Visitor: 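Input: one structure, supplied below.
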There are 2 protein chains.
Amino acid sequence: MTTDFKQQTTVTLSEVAEAAGVGESTVSRVLRNHGSFSGKARERVLDAVERLGYVPNRIAGTLASAGSRLVAFVIPSLTNIVFPDVLRGAGAVLEENHYQAVFSVTDYEPEREEALVAAMLAWRPTAVMLAGFEHTGGTLKMLRASGCRVVELLDIDGIAIDLAVGFSNREAGRASAEFLLKRGYRRIGYVGHDLDRDTRAGKRFDGFRETLNRAGVRLVDREIRAGASSVGNGRAALEQLLRRAPGLDAVYFSNDDMALGGYFHCLADAISVPTRLALFGHNGLDIGQATPQPLTTIRTPRVATGKLAAELVINDHPSHVADLGFELIEGATA
Amino acid sequence: MTTDFKQQTTVTLSEVAEAAGVGESTVSRVLRNHGSFSGKARERVLDAVERLGYVPNRIAGTLASAGSRLVAFVIPSLTNIVFPDVLRGAGAVLEENHYQAVFSVTDYEPEREEALVAAMLAWRPTAVMLAGFEHTGGTLKMLRASGCRVVELLDIDGIAIDLAVGFSNREAGRASAEFLLKRGYRRIGYVGHDLDRDTRAGKRFDGFRETLNRAGVRLVDREIRAGASSVGNGRAALEQLLRRAPGLDAVYFSNDDMALGGYFHCLADAISVPTRLALFGHNGLDIGQATPQPLTTIRTPRVATGKLAAELVINDHPSHVADLGFELIEGATA
DNA sequence: ACCAAAATTGGTAGCGCTGCCAAAAAAATC
DNA sequence: GATTTTTTTGGCAGCGCTACCAATTTTGGT
């Protein structure tokens with residue numbers, strides 16, 4: 001039993017050393033299981049740790065030893081489930097290896113990203129994880145000067161700073177277009193959210209249009225909403241688009257959230273899917289596969305991206321671009 | 001212009017001091033804007049900082065000054081959007097005040113929570129934020145001994161360690177039952193996910209049943225699925241429940257994810273909602289309000305919870321339980 | 001011009017830990 | 001039993017910064 005009242009002064013390693021009747025170095029070695037020590041010493045140290053309720057101070061440990069075992073995530077959003085998924089994949093691996101995840105959210109603003117990267121670097125993280133390749137000059141300069149590993153996530157269409165893990169958004173856009181064309185759709189529209197900020201969605205759209213053009217098919221119309229992607233936004237956007245272009249036979253959405261909104265609009269307006277209108281999303285969210293008609297979409301390797309990113313960093317893998325690919329889900333909406 | 005090649009050795013404060021021709025203390029004061037210094041000194045320091053690309057080392061700063069300005073979140077899941085929402089609310093406030101969020105995920109397992117809390121305390125955070133009141137004895141002991149602030153989130157039905165911010169889940173369950181009873185439903189069922197682990201969902205269910213019982217209405221049947229809540233899970237569960245109890249006129253779901261799944265089952269099976277079957281969720285997710293019929297549910301103060309939790313911690317507010325309440329959304333499914 | 005008060009500045013002792021080294025103890029060898 | 005080899009151990013100098021204090025410069029008042 002340890003004492004239960006709140007301790008004024010936190011227990012330090014040297015107090016443990018004294019209580020155990022050994023030197024500080026011995027305590028340090030035992031606790032990190034590093035270097036050599038006798039079984040007896042080990043026992044006395046662990047006993048003292050238990051008795052005093054000692055919790056090592058990693059701030060001090062880090063300062064003394066260099067490696068922080070902190071991995072910083074600077075991500076655009078927590079609302080878009082994509083990023084929590086990546087965090088989840090990375091978190092599991094990091095934790096197993098005794099790394100800690102630190103994060104902050106940019107709201108898709110490059111200037112905020114720059115400020116947050118600066119704040120993160122102050123913790124001397126082992127690695128910084130960012131979304132995509134579009135960063136300010138300041139961000140690039142800081143990251144390069146920092147000497148810490150950098151992983152750019154969920155995109156491989158561009159020049160990586162160091163490591164990149166993800167898939168080709170442009171290719172995903174192309175694959176989506178090819179699928180719709182193969183199915184015979186020709187009067188195609190697009191519904192998207194703010195593309196200046198979500199550059200990965202922009203790249204998909206580029207790939208999509210490129211393939212349409214190459215096939216001699218013109219994108220009939222597009223509806224691009226300001227602000228973040230959301231189901232409500234997608235629903236309103238499709239309604240708007242159809243008002244302008246009622247003859248469309250297929251719509252490509254910037255992602256599944258938007259597409260689900262579109263699907264709900266069709267359900268509400270009794271527009272039969274895909275007979276009258278086909279819908280195509282992006283991401284392959286679980287919810288899109290639980291709707292009455294599963295969404296036709298592209299499943300992206302979000303958790304795997306996080307996982308691999310963490311592994312590369314932990315193993316200090318040399319600079320590298322990893323393409324995890326994607327998978328087209330032939331649902332029932334296109 | 002600074003040099004662009006990777007710096008072998010990171011720049012330290014004393015190098016800045018030398019380059020600026022001032023003492024270390026002056027650099028420190030200027031950078032923290034704390035204590036007094038002349039305009040000329042300020043200028044020279046900032047100039048040197050810029051020239052050398054100096055990034056302060058907060059590890060060292062923290063060790064020297066005590067306060068870590070780190071806030072640790074130990075949350076059950078990132079998949080359940082509830083927690084990213086809380087993080088989002090807290091993140092904004094923390095960032096403004098130059099705190100950093102650190103997090104790890106317990107998967108709803110108390111033992112993992114204990115291990116993760118221990119790991120977090122090693123960073124000497126200003127506060128630890130946890131979900132709910134159910135913790136192991138070890139977790140409680142560590143937290144109490146740590147001397148750092150503790151916030152328990154999204155629950156107020158229990159005894160708080162220090163601070164608690166959220167709403168009464170039991171009360172939410174009661175309100176849900178009252179609503180269904182008031183609307184005249186009497187053949188009521190329940191669809192839930194693993195309640196041993198998600199104790200807050202369990203408390204809602206308790207409050208729900210209590211109110212039914214008090215009104216002399218018996219819960220007809222329930223379907224409880226192992227594993228996490230998800231739309232797919234909810235869909236399968238409702239199907240199963242209706243097979244056993246086809247005469248139900250209303251179903252209460254453990255949360256909106258499950259309820260959406262139920263709604264999709266009804267759409268797919270042409271069960272008219274709410275005429276033939278009423279559905280009631282919990283959380284008030286945006287997506288539930290964008291479906292053809294908006295979900296009848298309870299909106300919970302997730303972002304506000306995160307926000308207030310962060311504010312209380314930053315202002316070092318005395319121990320306190322804050323009830324942020326909830327709001328019943330009369331959608332179209334009940 | 002002189003002295004007191006205020007503003008500015010630099011030196012230095014830690015913060016709690018790890019890494020290195022040399023000393024001490026234990027084990028192995030002849 | 002003496003000597004070498006191996007294992008275990010403790011002391012102590014930092015890691016980069018902040019807090020404190022004393023020294024210096026500037027300012028203001030007379």
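By convention in this document, chain letters (A, B, ...) are assigned in the order of the sequence lines, proteins followed by strands, and residues within each chain are numbered from 1. Small disclaimer: the values here were computed from a predicted structure and weren't measured.
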Visitor: S36(B) side chain N/O closer than 4.0 Å to the phosphate oxygens (OP1, OP2) of dT8(C)?
Guide: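 Yes, because at least one side-chain N or O of S36(B) sits under 4.0 Å from OP1 or OP2 of dT8(C).
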Visitor: Given dT9(D), dG10(D), dT18(D), which nucleotide is nearest the side-chain atoms of S65(B)?
Guide: dT18(D)
Visitor: Rounded off to whole Å, could you give me the CG-to-C1' distance for the L31(B) and dT18(D) pair?
Guide: 12 Å
Visitor: How long is the line joining CG of N57(B) and C1' of dT18(D), in whole Å?
Guide: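 To the nearest whole Å, that distance equals 12 Å.
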Visitor: Tell me the interatomic distance from R32(B), atom CZ, to dC17(D), atom P, rounded to whole angstroms.
Guide: 11 Å
Visitor: Heavy-atom count around R112(A) CZ within 6.0 Å, excluding the residue itself: above 12?
Guide: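 Yes, the 6.0 Å shell around CZ holds more than 12 heavy atoms from other groups.
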Visitor: Whole angstroms only, please: what is the CD-P distance between E24(A) and dG11(D)?
Guide: 8 Å
Visitor: Could you tell me whether a side-chain N or O of T300(A) sits under 3.5 Å from a main-chain N or O of R302(A), the two making a donor and an acceptor?
Guide: no
Visitor: Check this one for me: any side-chain N or O of S28(A) less than 4.0 Å away from OP1 or OP2 of dT18(C)?
Guide: yes
Visitor: Suppose we call a contact any N or O donor and acceptor under 3.5 Å apart; does that hold for the side chain of R29(A) and the base of dG19(C)?
Guide: no
Visitor: Between R51(A) and A20(A), is there a donor-acceptor pair closer than 3.5 Å when you use the side chain of the first and the backbone of the second?
Guide: no
Visitor: Under 4.0 Å: is that the gap between some side-chain N or O of S38(B) and OP1 or OP2 of dT9(C)?
Guide: yes
Visitor: Please report, rounded to the nearest Å, how far the P atom of dG10(D) is from the CG atom of L13(A).
Guide: 12 Å
Visitor: Please report the distance, rounded to the nearest Å, between CG in L63(B) and C1' in dT18(D).
Guide: 10 Å
Visitor: Just how far, in rounded Å, is P of dA25(C) from NZ of K40(A)?
Guide: 11 Å
Visitor: Hey, does the side chain of E15(B) reach the backbone of T12(B) with a donor-acceptor pair shorter than 3.5 angstrom?
Guide: yes
Visitor: Whether the side chain of D162(A) engages the backbone of V150(A) through a donor-acceptor N/O pair (distance < 3.5 Å, no angle test) should be reported.
Guide: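 Confirmed, D162(A) side chain pairs with V150(A) backbone.
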Visitor: So, OP1 or OP2 of dC17(D): does either fall under 4.0 Å of a side-chain N or O from R58(B)?
Guide: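 Indeed not, no polar side-chain atom of R58(B) lies that close.
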Visitor: Mapping G21(B) and V55(A) to their closest nucleotides on DNA chain C, which lands nearer the 5' end?
Guide: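 By nearest-heavy-atom nucleotide position, the 5'-most residue is G21(B).
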Visitor: Quick check: any donor-acceptor pair below 3.5 Å linking the side-chain of R124(B) to the base of dG16(C)?
Guide: no
Visitor: Under 4.0 Å, heavy atoms only, any strand: does A41(B) hit a base, just the sugar-phosphate, or nothing?
Guide: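 Since only primed, P, OP1 and OP2 atoms lie under 4.0 Å of A41(B), the category is sugar-phosphate.
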Visitor: Can a side chain N or O of T26(B) be found less than 4.0 Å away from OP1 or OP2 on dG10(C)?
Guide: yes
Visitor: What is the separation between atom CZ on R69(B) and atom P on dT18(D), rounded to the nearest whole Å?
Guide: 12 Å
Visitor: Measuring to OP1 and OP2 of dG11(D), would you say a side-chain N or O of S25(A) lies under 4.0 angstrom away?
Guide: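 For dG11(D), neither OP1 nor OP2 has a side-chain N or O of S25(A) closer than 4.0 Å.
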